[in-house]
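A short write-up of the structure that comes next.
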Amino acid sequence: MSKKIDDSDVLQKILTNSPISIVITDTNGDIEYINPYFTHTTGYSLEEVIGENPRVLKSDLYPQDNYEELWDTISNGEVWNGTFKNIKKCGEIYWESAIIAPVEDVNGEIKNYIAVKQEITEQLYLKQKILEQESLMSQNFEKTLEALVSIVEDRDSYTGGHSQRVATYSKMIAKEMGFSDEECELIYRAGKLHDIGKISTPDNVLLKPDKLSKLEYKLIKRHVEVSYAILSTIPMYKDIADIVISHHERYDGKGYPKGIGGDEITILGHVMIVADAFDAMTTNRIYKGYL
């Protein structure tokens, strides 16, 4: 004959050995029970928190409105989940995720609340470090691309500094037109990289001090598509690529590479077209005497 298992004993073992914090309160929110892992996490013993409100852990670094939302949710019989920034007995700040639910009797009346909580400080710290590393890698990668642009421009003294000027003009125009700071920064970065495709243009074409043949002009125009190909394959530069692809289009549809015009060109694309044209008209170019 099998031995009958006492459900209460099983539940107690689960609560005692659980690797997450479990807190049970009365309907006023005062603590009636904590499991050992709560003590392990916070440093507070059962004797120190019985009859106390969980605000004993409150660090004042978590918005009061969020606590009010929590209470409204669970007192209405619903489950709340979210994160807290709390403080341990030793004064150490920590983050924890929590699920808090009402416990109802057979008549549907709320008798207790139970919170299941887990410290996530280390996970958040590691996530932040990963984001910082990704940001650093992104910055280094962008500097590498900008260095490639500089190499292209250094090949031709006539266009040296062109990309920086287009970036500056584009940002100035965008700001004057009322674009957001994010959009102004986006078009500035796009301006700095818009001619990266010229790295594929041969010197004898890029630096030719004479009128270009049809084939040579076709090679020159190809730099737009190369710029787009380089940038669009990198997820974080997709928005930049979508601006760059339009910087030699024209409102009347007679530009390149797609021959689109009017509203088919993005508004930031139009801004860069103006900035690029302005710089071309106000600086010396090796080909100007042959137009």
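The residues of the chain are indexed from 1 along the displayed sequence.
- Within 6.0 Å of the CG atom in Asp263, the count of heavy atoms belonging to other residues, nucleotides or ligands does not exceed 12.
- Nearest heavy-atom pair, Gly29 versus Asn53, reported as atom, atom and distance to 0.1 Å: O-ND2, 3.6 Å.
- Applying the 6.0 Å contact sphere to CZ of Phe179 captures more than 12 heavy atoms from other residues, nucleotides or ligands.
- With hydrogens and angles ignored, the 3.5 Å screen pairs a side-chain donor or acceptor of Glu216 with a backbone N or O of Ser213.
- Using modelled atom types, no side-chain atom of Asp195 and backbone atom of Lys198 make a donor-acceptor pair closer than 3.5 Å.
- Take Glu92 and apply the side chain to side chain contact (heavy atoms under 4.5 Å, CB included) test, not counting sequence neighbours, and it matches Lys88, Cys90.
- We find that Arg222 and Glu225 are not joined by a salt bridge, their nearest charged nitrogen and carboxylate oxygen being 4.0 Å or further apart.
- Under the 3.5 Å distance criterion, the side-chain polar atoms of Asn76 are matched with a main-chain donor or acceptor of Asp72.
- You'll find the ring centres of His270 and His247 outside the 6.0 Å limit.
- Checked against a 6.0 Å centroid threshold, the rings of Trp71 and Tyr113 count as neighbours.
- The pair Lys254-Glu249 does not count as a salt bridge, with every side-chain nitrogen at least 4.0 angstrom from each carboxylate oxygen.
- There is no side-chain donor-acceptor pair under 3.5 Å between Glu183 and Tyr188.
- Between the side chains of His162 and Asp279, at least one donor N or O lies within less than 3.5 Å of an accepting N or O.
- When all heavy atoms of Val116 and Ile20 are compared, the pair lying nearest together is CG1-CD1, 3.1 Å.
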Report the C-alpha separation of Glu96 and Thr121 in whole Å, then their side-chain angles, then the decisive distance to 0.1 Å, and conclude whether the side chain to side chain contact (heavy atoms under 4.5 Å, CB included) test is met.
CA-CA 7 Å; Glu96 62 181 358; Thr121 309; over 6 Å; no
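- Under the 3.5 Å distance criterion, with hydrogens and angles disregarded, no donor-acceptor pair is assigned to the side chains of His194 and His248.
- Taking NZ from Lys117 and CZ from Phe38, the interatomic distance works out to 5.0 Å, rounded to the nearest 0.5 Å.
- For Asp242, the side chain to side chain donor-acceptor pair (under 3.5 Å) criterion is met by Lys238, not counting sequence neighbours.
- Heavy-atom neighbours of Glu176 CD from other residues, nucleotides or ligands within 6.0 Å: at or below the threshold of 12.
- Atom CG of Leu46 has more than 12 heavy atoms from other residues, nucleotides or ligands within 6.0 Å.
- For Ile34 against Tyr44, the heavy-atom pair with the smallest separation is CD1-O, 3.9 Å.
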Evaluate side chain to side chain contact (heavy atoms under 4.5 Å, CB included) for Thr201 paired with Ile220, printing each intermediate quantity in order.
CA-CA 6 Å; Thr201 307; Ile220 281 284; 3.9 Å; yes
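- Here Lys89 pairs with Glu48 under the salt bridge (charged side-chain N to carboxylate O under 4.0 Å, His left out) rule; sequence neighbours left out.
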